[in-house]
Colleague: 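Can you read through this structure? Questions will come right after.
Note on naming: letters A, B, ... go to the chains in the order of the sequence lines (proteins, then strands), and numbering restarts at 1 for each one. Just so we're clear, the structure is a prediction, and the values are computed from it rather than from any experiment.
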There are 2 protein chains.
Amino acid sequence: MARKTKEEAELTRKKLIKSALLLFSEQGVAHTTITDIAKKAEVTKGAFYWHFKNRLEVFDAIIDEYSTPIEDQADVMLKEGQDPVESIFNTVEFFFSKVESSPELIALYDVSYFKCEYTDEFASRLKFEQEQLLKTKDDFAKVLAKVEASVWPNKSDDLIEQISMSMVDMILGTFMRWIGSRSGSLTSQVRDSMAIVLKGAGIKFN
Amino acid sequence: MARKTKEEAELTRKKLIKSALLLFSEQGVAHTTITDIAKKAEVTKGAFYWHFKNRLEVFDAIIDEYSTPIEDQADVMLKEGQDPVESIFNTVEFFFSKVESSPELIALYDVSYFKCEYTDEFASRLKFEQEQLLKTKDDFAKVLAKVEASVWPNKSDDLIEQISMSMVDMILGTFMRWIGSRSGSLTSQVRDSMAIVLKGAGIKFN
DNA sequence: ACCAACATACATACCAGTAGGTATATATAA
DNA sequence: TTATATATACCTACTGGTATGTATGTTGGT
């Protein structure tokens, strides 16, 4: 009812974002009302509309708040002096172990995969994620290009492209299934999956 | 306004189902109104509610109408006198070539992956699909168990389990990405993906 | 004093579901 | 075969509920 300090206002904003994420994960994006979000955050609709224009904006805010784009890790992968295969493993494992230990990140991907309809204003979000997949593929390709021929006898540009894409597909499939079932260790499942692909490529490692 | 014959009634039912599928794919399940569906089928809400109880029921009807469960093909895979690896390839390629050539099936999986929120009544659908994945894994495992040790030196029960799961994950990831982007040939991409997994398993083929 | 940070109340609109009617197909009896 | 009864396949009109967004009020920070 009264005016809050800047810190308190930022706190209600964060609370609204977190409430929205949890509700989206429970009830789906389209099935969650603004009043639901406000109630969970212990404020009213007025507060929501003060901080956000509509549902789409809080959706974007959720992503800004919680998601850690994997492409930030591309530089790490490409760092000199590292074994390429090992750096891929490390990067991917770093990402997924972070997801596995964060309920908010799990909720975020749960929403992304199973609780959101990518139409209208949300369609751009889907397009973005598709582009991210191809970007990740390119990053993998760059790193795989650095693998020495001694450990990869049948290495070729075409194979690099194909393996990079398959790597992304494999990780995506494993991740999505895990988010849906949440059984077993995500990190180790992803690690095993990656190992199979790299072996299938003919790369010798470990 | 007048009563239709049984065949005509069945025809409007089919038209309602098809309209619902296309609209779901365009606008999402939750964002499509019953009136939308009726209008596209050139009838009124009355007709819709005569044939279906609500949105969930037409969703189920869509699946009954168009989906061809992959598990029906398990028996084909397990048929005697066939090379196990080849039968896996054939079965999977048969399924995906069918999807690739059918706009309705593409729309169906587009809805499943990107245009539906799996909450409330729809949650059971997600659970079912998760179970299907595990069932498919088991089918793969059964077939892989028949692979001769001469072409699979490091064969083991644990490896069979792991490879079966990875196969499912790989196919899922490839399929989902293809549905999202629809670039290139689905069938050949899936074939290549599978080949990598089988090679990664240490199976010699072709 | 003024504006940020909300709360309250409300206008608007839409949407699911239903009640009741209607005209014909179809089953049944004669 | 024909007359009749009844179920079927819708359409129209309406209700009740709900959600979005806004307009306005309130109060305490700065």
Side-chain angles (χ1 to χ4, degrees), chain A residues 1-24 26-62 65 111 115-117 119-122, chain B residues 1-24 26-62 65 115-117 119-123:
Chain A
M1 10 211 138
R3 181 177 176 194
K4 305 290 180 61
T5 90
K6 253 183 187 166
E7 293 82 38
E8 284 174 310
E10 187 56 26
L11 204 135
T12 59
R13 194 188 119 94
K14 291 272 167 67
K15 214 169 170 187
L16 281 165
I17 292 176
K18 190 166 188 172
S19 302
L21 173 59
L22 295 180
L23 284 171
F24 286 172
E26 279 174 39
Q27 322 177 0
V29 175
H31 293 90
T32 299
T33 76
I34 308 300
T35 312
D36 285 343
I37 300 172
K39 257 188 190 159
K40 182 142 200 167
E42 293 173 306
V43 286
T44 64
K45 273 172 38 168
F48 180 91
Y49 280 105
W50 172 257
H51 287 286
F52 311 101
K53 210 179 121 199
N54 50 30
R55 209 196 322 268
L56 179 63
E57 226 181 79
V58 77
F59 186 84
D60 290 337
I62 288 172
E65 181 77 16
V111 171
K115 310 295 171 55
C116 178
E117 302 185 356
T119 58
D120 306 314
E121 324 103 287
F122 288 85
Chain B
M1 8 208 135
R3 182 181 173 191
K4 304 290 180 61
T5 152
K6 252 184 186 165
E7 293 84 36
E8 286 176 308
E10 187 56 28
L11 204 135
T12 60
R13 194 188 118 94
K14 290 273 168 66
K15 215 169 168 186
L16 281 165
I17 290 175
K18 190 167 188 170
S19 302
L21 173 59
L22 295 180
L23 285 171
F24 286 172
E26 280 173 36
Q27 321 176 4
V29 174
H31 294 90
T32 299
T33 76
I34 308 299
T35 311
D36 285 343
I37 300 172
K39 259 187 190 159
K40 182 143 199 165
E42 293 173 309
V43 287
T44 63
K45 272 172 40 168
F48 179 92
Y49 279 106
W50 172 256
H51 287 286
F52 310 101
K53 210 180 122 199
N54 50 30
R55 209 196 321 267
L56 178 64
E57 226 181 79
V58 78
F59 186 84
D60 289 338
I62 289 172
E65 182 77 16
K115 311 295 172 57
C116 179
E117 302 185 355
T119 56
D120 306 314
E121 323 104 287
F122 288 86

Colleague: Would you indicate, yes or no, if C/dC14 has its OP1 or OP2 atom less than 4.0 angstrom from a side-chain nitrogen or oxygen of B/Thr33?
Modeller: no

Colleague: Do you know which two heavy atoms are closest between B/Phe48 and B/Leu16, and how far apart they sit?
Modeller: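 For B/Phe48 and B/Leu16, the tightest heavy-atom pair comes out as CA-CD1, 4.0 Å.
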
Colleague: Looking at A/Thr35, does any N or O in its side chain come under 4.0 Å of the phosphate oxygens OP1/OP2 on D/dA19?
Modeller: no

Colleague: Starting at NZ of A/Lys40, measure out to NZ of A/Lys18 and round the result to the nearest 0.5 Å.
Modeller: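 So the NZ of A/Lys40 and the NZ of A/Lys18 are separated by 10.0 Å.
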
Colleague: In this structure, how many angstroms lie between the C1' atom of C/dG17 and the CG atom of B/Leu56, rounded?
Modeller: 16 Å

Colleague: Taking only side-chain nitrogens and oxygens of A/His31, does any of them come within less than 4.0 Å of OP1 or OP2 of D/dA19?
Modeller: no

Colleague: Respond yes when some side-chain nitrogen or oxygen of B/Thr12 is under 4.0 Å from OP1 or OP2 of D/dA9, and no when none is.
Modeller: no

Colleague: Where each residue is assigned the nucleotide of DNA chain C containing its nearest heavy atom, which of A/Ala47 and B/Arg55 is assigned the position nearer the 5′ end?
Modeller: A/Ala47

Colleague: Would you please confirm or rule out a distance under 4.0 Å between OP1 or OP2 of D/dC10 and any side-chain N or O of B/Trp50?
Modeller: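 Answer is no, no contact under 4.0 Å.
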
Colleague: What pairs meet the side chain to side chain donor-acceptor pair (under 3.5 Å) rule with one or both residues in residues 41-50 of chain A, with sequence neighbours excluded?
Modeller: A/Lys15-A/Glu42

Colleague: Answer yes or no: side-chain N or O of B/Lys45 and base N or O of C/dA16 forming a donor-acceptor pair under 3.5 Å.
Modeller: yes

Colleague: Tell me the interatomic distance from B/Phe52, atom CZ, to C/dA16, atom P, rounded to whole angstroms.
Modeller: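 Atom CZ in B/Phe52 sits about 15 Å away from atom P in C/dA16.
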
Colleague: Roughly, in whole Å, what's the span from CD in B/Glu57 to P in C/dG17?
Modeller: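 Spelled out: CD on B/Glu57 to P on C/dG17 is 11 Å.
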
Colleague: Rounded off to whole Å, could you give me the CD1-to-P distance for the B/Ile34 and C/dT18 pair?
Modeller: 12 Å

Colleague: How long is the line joining NZ of B/Lys15 and C1' of D/dC10, in whole Å?
Modeller: 14 Å

Colleague: Between B/Glu117 and B/Thr119, is any side-chain donor less than 3.5 angstrom from a side-chain acceptor?
Modeller: no

Colleague: Starting at atom CD of B/Glu8, determine the distance to atom P of D/dT8, rounded to an integer number of angstrom.
Modeller: 17 Å

